[in-house]
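Within every chain, numbering begins at 1; the chains are lettered A, B, ... in the order of the sequence lines, protein sequences first and strands thereafter.
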4 protein chains.
Amino acid sequence: MTTGEISDTSQTVAAGELRAFIERIERLHEERKTIAEDISEIFSEAKGRGFDTKAMKSCIKLRAMDSTQRQEEESILELYKAALGIV
Amino acid sequence: MTTGEISDTSQTVAAGELRAFIERIERLHEERKTIAEDISEIFSEAKGRGFDTKAMKSCIKLRAMDSTQRQEEESILELYKAALGIV
Amino acid sequence: MTTGEISDTSQTVAAGELRAFIERIERLHEERKTIAEDISEIFSEAKGRGFDTKAMKSCIKLRAMDSTQRQEEESILELYKAALGIV
Amino acid sequence: MTTGEISDTSQTVAAGELRAFIERIERLHEERKTIAEDISEIFSEAKGRGFDTKAMKSCIKLRAMDSTQRQEEESILELYKAALGIV
DNA sequence: GATGCGCTTTAAATGC
DNA sequence: GCATTTAAAGCGCATC
């Protein structure tokens, strides 16, 4: 048995494991892509029903935010707006 | 029936529809987030098994490119060469 | 004179012109990149002085917006927030 | 001296500093916008001269890639090949 | 006027 | 924890 053979064997095992990991991830990537497409479809549907998708996205973002952090950000923004004279 | 009532009614209807759209999207966001976490877990697992996650990501990207993007880049390159008069 | 020669000639002229256009654009790209870096530097400096860059960006965006459109967007957002019960 | 006064003072100072930062950024935004318009003009001019602007943009992108990114992609490919045991 | 595409910007993950 | 790098979102344009 040569050093090369040993090396080859261990590398083959690693390659199989690597391939398995990568294929699992690729499968999840596919699922994620499908979901993204579903989301786009819903926005299109909402748009077709006359809704403003931009405002919808803002609402979704607001709902997703932790209320504590959201108020914190809002207060610092108000502070800055005041400092800049933005009404 | 006042104008206000009409306005209120239509807004109520819209509100229900809007809420439905948004909740559908939020549900998909949740699913997408779950998938993202699953992907992270797999990378962690692979890392624990001694694999280099950065290289893995490069591999995944290359495998994704091969199918479509690589060909696309090829065609653009041909266009580019033609534009520069490289036969 | 063959068709090939005619074609070659016109293509040579076009190539020179094309190259000139492209180099002008590339020069402007360089300038634009420099400016982008300058902007980043200022944000870094502001961050080092304790300012919240995210809020700064919001303020800049608000100042850039047409007040009419801004109020319009704000009103539709408020409408949606009310419909969704976002306080 | 009250806490309120201290707070007000620091805020006033911060306001001036904040305003200065933001105005510097806005000035750079203006410059950047001017450049963007210059670029658009060149594309319009090229279009008027019969060139295909989409292909031009592809060319510019490719030329920008050649210097660094292309080599980077090459090196990633080598890494990829090594990971798969392709000698 | 709507829709797809590309770029810019923004949020997030990762490594130092 | 910060700073870089990478994915995602938002935006504008250019087209049909």
Please check: side-chain N/O of B:Arg19 versus main-chain N/O of C:Leu84, any donor-acceptor pairing under 3.5 Å?
yes
I'd like to know if the side chain of A:Tyr80 and the backbone of C:Phe51 have a donor-acceptor N/O pair within less than 3.5 Å.
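Checking the backbone N and O of C:Phe51 against the side chain of A:Tyr80, no donor-acceptor pair under 3.5 Å is found.
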Looking only at side-chain atoms of [X], point me to the closest of [options].
| X | options | value |
| --- | --- | --- |
| A:Arg32 | E:dT8, F:dT15, F:dA8 | F:dA8 |
| B:Lys61 | F:dA7, F:dG10, E:dG6 | F:dA7 |
| D:Lys47 | F:dT15, E:dG15, E:dT10 | F:dT15 |
| B:Lys57 | E:dT9, E:dA13, E:dT8 | E:dA13 |

Nearest-Å distance for atom pair [atom1]/[atom2], residues [X] and [N]:
| X | N | atom1 | atom2 | value |
| --- | --- | --- | --- | --- |
| D:Asp52 | F:dA14 | CG | C1' | 12 Å |
| A:Leu62 | E:dA11 | CG | P | 13 Å |
| A:Glu73 | E:dT10 | CD | C1' | 12 Å |
| C:Glu37 | E:dT8 | CD | P | 14 Å |

Is B:Arg24 salt-bridged to A:Glu45, going by a charged N under 4.0 Å from an acidic O?
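A:Glu45 and B:Arg24: salt-bridged.
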Does the ring of B:Phe43 carry B:Lys54 above it, NZ/CZ under 6.0 angstrom from centre and within 45° of its axis?
no
Categorize B:Thr53 for me: base, sugar-phosphate, or nothing, with a 4.0 angstrom heavy-atom threshold over every strand shown.
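Touches sugar-phosphate only.
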